[in-house]
Amino acid sequence: MEEKRIYLQTPEFTGRNVPICELAKAIGKDAQYIRIGLQKGILHFGFALKKENSSEYNYYCPYLGNMK
């Protein structure tokens, strides 16, 4: 059987950190929904990093740019 290959064009990484409120507006959800989803690892478009010796988190959601 011949092996099938799938090629995906990935967006260009720009490094811009997209604010949580901007993401929430874009997908029609509350900002807290985004924060909790990132903290629990359910949403895969960013990261929630817990601050050392704190209950607070920092969020990083990179903007990937337009598909070409």
Side-chain angles (χ1 to χ4, degrees):
M1 183 176 215
E2 189 175 322
E3 181 181 319
K4 286 188 177 183
R5 292 182 183 212
I6 299 173
Y7 296 92
L8 300 173
Q9 184 177 12
T10 57
E12 178 183 334
F13 176 72
T14 65
R16 174 180 172 247
N17 187 22
V18 181
I20 297 293
C21 60
E22 191 175 319
L23 290 167
K25 184 178 179 182
I27 65 172
K29 296 289 184 182
D30 185 75
Q32 191 64 7
Y33 175 92
I34 305 291
R35 289 185 194 97
I36 292 171
L38 292 171
Q39 288 172 20
K40 293 187 176 197
I42 297 168
L43 301 176
H44 301 284
F45 51 76
F47 306 94
L49 304 168
K50 192 168 183 184
K51 294 180 181 181
E52 193 173 333
N53 301 320
S54 175
S55 61
E56 295 182 10
Y57 286 80
N58 280 324
Y59 300 93
Y60 180 66
C61 300
Y63 176 72
L64 297 175
N66 296 327
M67 294 292 287
K68 292 181 181 179

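Fair warning: this is a prediction, and the values are worked out from it, not measured in the lab.
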Worksheet item: About how many Å separate CD1 of Ile27 and CD of Glu22, when rounded to the nearest 0.5 Å?
Response: 12.0 Å
Discussion item. I need the full list of salt bridge (Lys or Arg N to Asp or Glu O under 4.0 Å) pairs touching residues 32-54, with sequence neighbours left out, sorted by first then second residue.
Written reply: Lys51-Glu56
Discussion item. I need the minimum non-hydrogen distance between Cys61 and Asn17, along with the two atoms involved.
Written reply: N-OD1, 2.8 Å
Worksheet entry | Co-membership, hydrophobic cluster, residues Ile36 and Tyr60, 4.5 Å side-chain | no
Worksheet entry | Distance-minimising heavy-atom pair for Pro62 and Phe45 | CD-O, 3.8 Å
Fill in: Heavy-atom closest pair, residues Asp30 and Gln32
OD2-N, 2.9 Å
Discussion item. Tell me whether Leu38 shares a hydrophobic cluster with Ile42, the cluster being built from Ile, Leu, Val, Met, Phe, Trp, Tyr side chains joined at under 4.5 Å.
Written reply: no
Item to complete: May I ask you to check whether over 12 heavy atoms, not counting those of Phe47, lie within 6.0 Å of atom CZ?
Response: no
Worksheet item: Between Tyr57 and Leu43, is there a shared hydrophobic cluster once you connect ILVMFWY residues whose side-chain heavy atoms come closer than 4.5 Å?
Response: yes
